[in-house]
Protein chains: 2
Amino acid sequence: MSSPFPRAVPTVSCAAHPREVLRITSIASYVAWAHPARPTTDRGDRPEGARQVPPTTRPTSRDVAREAGVSQATVSLVLGGKWRGRVSPATADAVRETALRLGYRPNLAARSLRLGRTRTALLVVPALTNEYFARVHTGAARVAAAHDFGVVLYPSPEGVGPARDPFGSARAALDGVIASSMAADALAAISGETAAAPRTAGGPGGLPLVMLDSDPAQSGAAATVNLDLASGMRQVTGHLAALGHRRIAHIASAVDSWTFRVRRAAFDAATRDLPGAVVTRRTAALSVEGGLRATHDALTAPGARPTALVCDDDVLAAGACKAARRLGLRVPLDVSVTGFDDLALATAVEPELTTVRLPADEAGARGMAALLAVIDGLSPQQADLPVELMIRGSTGPCPVEPR
Amino acid sequence: MSSPFPRAVPTVSCAAHPREVLRITSIASYVAWAHPARPTTDRGDRPEGARQVPPTTRPTSRDVAREAGVSQATVSLVLGGKWRGRVSPATADAVRETALRLGYRPNLAARSLRLGRTRTALLVVPALTNEYFARVHTGAARVAAAHDFGVVLYPSPEGVGPARDPFGSARAALDGVIASSMAADALAAISGETAAAPRTAGGPGGLPLVMLDSDPAQSGAAATVNLDLASGMRQVTGHLAALGHRRIAHIASAVDSWTFRVRRAAFDAATRDLPGAVVTRRTAALSVEGGLRATHDALTAPGARPTALVCDDDVLAAGACKAARRLGLRVPLDVSVTGFDDLALATAVEPELTTVRLPADEAGARGMAALLAVIDGLSPQQADLPVELMIRGSTGPCPVEPR
DNA sequence: GTGAAAGCGCTAACAC
DNA sequence: GTGTTAGCGCTTTCAC
């Protein structure tokens, strides 16, 4: 997606043009910031003489100013790129040169404090250990970077265990929040607080919030970026129906979040219209093991065995394939399996999974774009992102004489 | 790993005991921070009247002080947990109550500016789209949180494309850096800058740096946390040798980073001592597809076909299995395959991969602990983390009459 | 036991 | 064109 926003001008102008150099310079700059500080825990004050501030500090804009023979304000203007008609080019160059030579880097804390905003967004994800959200982050970070924004991840409690304090994880001050579903607790809290002024940025107590993959009606967010999951599920069932499958089991995620409720409802709606459809459902923990167990149950339950397994997720589908094979069933000859998400896993297993590709990267990018729009006081575009059925080897024609 | 550090006392005391409430309160607090600020891009100044600071701001410690009828300093002391003998318990309670009622949250930018440190560490990872590093982050974040530190991820350029400016990604000011290998550029820059004062925190230009999975001799870091990869590779080759395999192909990662050089050297060393061993090697892009191609080449090369494939990585191993099967070879009957890392993928595929479990979470935790130690002026313990061979279904006895 | 005051490094309005 | 100045919100001496 090409961003609808104008490109931000780099805050600290970088004489070095090749991005290699820029990158290195910038990272290396971090090195120039160190105070051997001890945690401010109440572990009793040090008895031995209190070591004071270290002798070496990194240069401030004042140092640059002194060194360059200008005022500190001039340094700020030049490095901030706002010197257009106010500082002579020669002076500006001198300042930049000095800043570079001293290895000056603006103090972000000071800047944030002064500006009252941080150009930082929080991305709340259920757990980092998931390729899907990694891709969401990638997309969000890409758009953010293009606008000189940063993204800080907050893996919501389930991810790292109940985080004692989000300040520990999301340490930065924030300009906005992007939250995906599946972070129920946190989301409830956020929307609850935002309810007073849901649609505006800067309302009383209203930090701009964009929700991903969540109920637009309930989120209380300024914007919602959703995927057309219903279409995906319809494509899946349509595909299976076209292959002749009628006995279909839904291996559903046990996680109670909007995204899975939508998948379930879409599955139900799609199969309801399928003449002769015999539908069952098992819920499973969101893991290979969970999918395996639920599928085992679905395939060994009394009654006619399903010929197709619609899984809420690729991971579940991988488990489903294992379960089928352990029962001596061939995929897709005896039973077809579909996934959802199109993770790398989908093409790592054999047969490769027929699955629904979710544009995770794009969702993250849209989410960030929406957040930036909200922060800007604009109304972000709202449209479900299209998903695409990837037909691969795990689905095939319904066996003629099943069982 | 149980942390060697004392537990930090929460900065803002939380009357609410149940962690549910704490969590919600904390996250919700973010909502109370909003300035409808426009990006400071040079897109021309607004012609229409310059909207000033929004009317609503979140409460400051001064507001709390006024409301509670105390001085702002008292608020700071109480909420900072340093009121032990200086403020009366009654006053302290009143302050806390007021802070809670107003929804007060300390401004992190101001705190950082004042303290000169941020209690934030940067975790540089090659790309987020990788379960291994997600686990590293999890471990690091866990230890960090226990010490009231935050972790900000910086997916190094390969991950999100060449980030224009790390300040865009890692927006927070930092107290230290944890970097994994495979982030060559960034690392070179960091170690280059740190070389002047490698072993101390707070040396001139020396931001504490801990390297993960990197050459201890070259990193220039204050500490290195490594895995005993050589042992892992020895276990793999030993396992295969015990099964009778002698013709072994190494499907090596094409990524030129220390971790893979170690694996390669260990493989070479281990097979060198194996009488009658016939060893080949193919390098592969770090993907299922890459593994598939390299393995296809290895299995179809002229000469006696290898009976075992040692892959640098589970993803490569997944590709190797696919390649073998496409050639009509059964795993493990005709060819054995081993992976490395023990990602979830290893047990998602069939047969499940015999692989080396890397304690990623533990590595992240150790890295963070080491960083905290360095920041504290202590010398972190240095020891390679043990790895473990997970024997599963992808390896079996060498076929008696191979080919 | 509590308040007053200094100042972290930066930006931006305003003088000159 | 350039310099001076006033804080952003917080922590931390130091008086009282």
Side-chain angles (χ1 to χ4, degrees), chain A residues 11-12 32-33 35 37 40 45 50 52-54 57-66 68-95 99 102 104-119 167 173, chain B residues 11-12 32-33 35 37 40 45 50 52-54 57-66 68-95 99 102 104-119 167 173:
Chain A
T11 313
V12 177
W33 167 296
H35 300 254
T40 351
D45 297 357
Q52 282 299 24
V53 195
T57 332
R58 75 171 186 182
T60 72
S61 64
R62 194 133 64 200
D63 297 328
V64 176
R66 193 177 335 101
V70 298
S71 86
Q72 187 255 11
T74 306
V75 173
S76 183
L77 284 175
V78 171
L79 266 35
K82 307 206 197 317
W83 55 283
R84 287 165 305 183
R86 347 236 255 116
V87 178
S88 75
T91 313
D93 274 353
V95 167
L102 296 186
Y104 167 76
R105 284 287 144 175
N107 178 319
L108 277 80
R111 185 197 302 229
S112 296
L113 178 57
R114 180 60 237 244
L115 293 178
R117 60 209 161 62
T118 55
R119 303 193 78 74
F167 281 99
Chain B
T11 313
V12 175
W33 165 298
H35 300 255
T40 351
D45 298 355
Q52 283 298 25
V53 194
T57 331
R58 74 171 186 181
T60 72
S61 64
R62 194 132 64 199
D63 297 328
V64 175
R66 193 177 335 101
V70 298
S71 85
Q72 186 254 12
T74 306
V75 173
S76 183
L77 286 174
V78 171
L79 265 34
K82 308 206 198 317
W83 56 282
R84 288 163 304 184
R86 347 236 254 113
V87 177
S88 72
T91 313
D93 274 353
V95 167
L102 296 186
Y104 168 75
R105 283 286 143 174
N107 178 318
L108 279 83
R111 183 194 302 222
S112 296
L113 178 57
R114 179 62 234 247
L115 294 178
R117 60 208 161 65
T118 55
R119 303 192 79 74
F167 281 100

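Excluded from the calculations below are hydrogen atoms, water molecules and symmetry mates; all remaining heavy atoms, backbone and side chain alike, are included. Quick note on labels: first sequence line is chain A, next is B, and so on, each numbered from 1.
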Between [options], which nucleotide has the shortest distance from any of its atoms to the side chain of [X]?
X      : options               : answer
B:N107 : D:dT12, D:dG9, C:dT11 : D:dG9
B:R111 : C:dC10, D:dC10, D:dT4 : D:dC10
B:A73  : D:dT13, C:dA4, D:dT5  : C:dA4
A:R114 : C:dG9, C:dT2, D:dG3   : C:dG9
A:R86  : C:dC14, C:dA12, C:dG3 : C:dC14

Looking at [X], does any N or O in its side chain come under 4.0 Å of the phosphate oxygens OP1/OP2 on [N]?
X     : N     : answer
A:T91 : D:dT2 : yes
B:S88 : C:dT2 : yes
B:S71 : C:dA4 : no
A:T60 : C:dG9 : no
A:S61 : C:dG9 : no

Relative to the 5' end of DNA chain C, which residue comes earlier, B:Q72 or B:L113, by the nucleotide with the nearest heavy atom? B:Q72

Walking DNA chain C from its 5' end, the first of B:G85 and A:S76 to be reached, judged by nearest nucleotide, is B:G85

Flag side-chain contact, heavy atom, 4.5 Å: A:V78 against A:V75: no

